[in-house]
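Step one of this worksheet: look at the structure below.
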Protein chains: 2
Amino acid sequence: MRRADFKRKTRVIVVDDNYDHASGIRELINLEQDYEVIANAGNVNVAISLIKKYQPDIVLMDINMPETDGITAISEIEKLGLKTRIIALTGYDEADLIYRAMKIGAKGYILKTMASAQLIRALDEVSMGKIYLPSVLCSKFFEYFQAAERNEKAYNATDDEENLLNYLTNREEEVLGLLTEGITYKGVAQQLFISETTVKTHVNNIFQKLQVNDRTQAVLYAINKGFSAKKKAKIA
Amino acid sequence: MRRADFKRKTRVIVVDDNYDHASGIRELINLEQDYEVIANAGNVNVAISLIKKYQPDIVLMDINMPETDGITAISEIEKLGLKTRIIALTGYDEADLIYRAMKIGAKGYILKTMASAQLIRALDEVSMGKIYLPSVLCSKFFEYFQAAERNEKAYNATDDEENLLNYLTNREEEVLGLLTEGITYKGVAQQLFISETTVKTHVNNIFQKLQVNDRTQAVLYAINKGFSAKKKAKIA
DNA sequence: CGTTTTCTAAATCTTAAGATCTAGTTCTTA
DNA sequence: TAAGAACTAGATCTTAAGATTTAGAAAACG
């Protein structure tokens, strides 16, 4: 008696607006002894209520659907907080779709054009709690991911030149740090154990260095340039 | 005459503080006809100057090094803006290291314990401009990536309840929007074509609704809650 | 139709904020 | 050792900010 005979089958729901395609997948999966397709859904709303009802182990979600897009659907399903794992399914290997799907919590991504063996492998991997992303798609993902990170950086690319924060002294940074917490002169003075007039001196110097006119502008400048009130803990 | 005879070999620099290990890799790579190790570096500083000098096609970077860590090193190298591609190398498959390395631009990630064939495959893939991440590491990456995204969401999950911004009227939102640009009462009055005293009234109401004492705190609150000065264009 | 918001605005008052100048101490560095 | 930068702080002055009260007009609402 084999082990598998004891095991409950892994329950799958297929979401695809193309009925023929959904049926194809269903048959394919039902050939496997470890899996059973317990329902099909032609649109997102039906899918979500079915998922709520049956709480399947895995959802195969077609992303290229009219009406509500599949990405939003994944997001909705993830919000339910079930143990259900989602595998995304598309016709094309668009980098941004792969990125977005994985970002919001898909556990796998496969193309419809891929061999059926890939689908089964994806089910195997994902049902074991792993991520399944074929290397071609993995590459696509990282192209997009790294480009996104580069843009993020470029946006905050305040690092070297033209970052007026670099001209601040340590003490001025400390003071600015407190300003970015919305503290008054008096409060800053108390926290740093210096007089209020000293704080004013520092703040005025900060204004000049940052080329701003008041504390709000200074705080905004600091935040936009990624000032993080670091260096606070200074072991004397 | 084979095509490969014409091709310039792909130039590799190995960065590893363990000399024996670096030598091992060097020999391994030099067995391949398509690759040549043009230099070794035992620490990050040497590595960077060598990379600047030779501009290799690929850098094999050990992450587990004393002194400067390899992650920072990758970051530094990426900043140079060369066409050099970096493959990270570690002894263990720590998810956060994989995540951080890939995030800052590594094109591949392999473990020292992996077979030498993997190393060569990584070189092949990466030199062709692709990403190389073995499926085990790919899974690790996504574990971390998706967890990070979930936390990001949870952090901004200030949306509904307890977001005092929701109590603001349209006009108040407009005024706050201008405050978050560091504009004075007078400036706001001019932009909205209302009197300065009216602006003061609005601002005071904003303070009360947001439970803050001054404009800096109001701006900070707004920014932290994801206020984006939307709804600005209001077609009358 | 009366009531409640919302937007407007004036008057008055207090104080925190910001500008400017001077100056002493300490520490670094050429 | 002299020069400069950094941190400190007092004095003085101006103005922008913020608090508070009152109130009219228009729109929304029940």
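The chains referred to below are lettered A, B, ... by the order of the sequence lines, with proteins before strands, and numbering in each begins at 1.
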(message) Starting the side chain at C-beta, find the nucleotide from C/dA10, C/dG18, D/dA17 nearest to B/Thr201.
(response) C/dA10
(request) Identify whether any heavy atom of A/Thr198 sits under 4.0 Å from a base atom; if not, whether one sits that close to sugar-phosphate; answer base, sugar-phosphate or nothing. (result) base
(message) With a 4.5 Å cut-off on side-chain heavy atoms, are B/Leu165 and B/Leu210 touching?
(response) yes
(message) Tell me the interatomic distance from A/Ile194, atom CD1, to C/dG24, atom C1', rounded to whole angstroms.
(response) 16 Å
(request) Let me know the distance between CG of A/Asn170 and C1' of C/dC27, rounded to the nearest Å. (result) 13 Å
(request) Respond yes when some side-chain nitrogen or oxygen of A/Tyr185 is under 4.0 Å from OP1 or OP2 of C/dT15, and no when none is. (result) no
(request) With DNA chain C as reference, determine whether B/Tyr167 or B/Asp214 sits nearer its 5' end, using the nearest nucleotide of each. (result) B/Tyr167
(request) Measure from CG on B/Asn213 to P on D/dA17 and round the result to the nearest Å. (result) 16 Å
(message) Are A/Lys107 and A/Ile58 packed together at the side-chain level, in the sense that at least one heavy-atom pair is separated by less than 4.5 angstrom?
(response) no
(request) Check the distance between D/dA19's C1' and B/Ile206's CD1 and give it to me in whole angstrom. (result) 15 Å
(request) For B/Thr184, answer base if it contacts any base atom (sugar-phosphate contacts may also be present), sugar-phosphate if it contacts only those atoms, and nothing otherwise; contact means non-hydrogen atoms under 4.0 Å. (result) sugar-phosphate
(request) To the nearest Å, give me how far apart CG (A/Asn204) and P (C/dT22) are. (result) 15 Å
(message) Using OP1 and OP2 only, check whether a side-chain N or O of B/Thr169 sits under 4.0 Å from C/dT5.
(response) no
(request) Measure up the B/Phe145 and A/Phe145 rings against each other and bin them: parallel (under 30°), tilted (30 to 60°), perpendicular (over 60°). (result) perpendicular
(request) Would you kindly give the CG-to-C1' distance between A/Leu179 and C/dA16, to the nearest whole Å? (result) 13 Å
(request) Answer yes or no on whether A/Arg100 is positioned over the face of A/Tyr144, meaning its NZ or CZ is under 6.0 Å from the six-membered ring centre and within 45° of the axis. (result) no
(request) Mind checking B/Lys200 for me? I need base, sugar-phosphate or nothing, with any heavy atom below 4.0 Å counting as a touch. (result) base
(message) Quick test of your reading of the model: are B/Lys186 and B/Glu196 salt-bridged, counting only N-O distances below 4.0 Å?
(response) no
(message) Within the 4.0 Å heavy-atom criterion, would you say A/Thr197 contacts the bases, only the backbone, or no part of the nucleic acid?
(response) base
(request) Return no unless some side-chain N or O of B/His202 is found under 4.0 Å from OP1 or OP2 of C/dT8. (result) yes
(message) Tell me the interatomic distance from B/Asn205, atom CG, to C/dA9, atom C1', rounded to whole angstroms.
(response) 13 Å
(request) Could you tell me the separation between the CZ atom of B/Arg215 and the P atom of D/dA19, rounded to a whole number of Å? (result) 11 Å
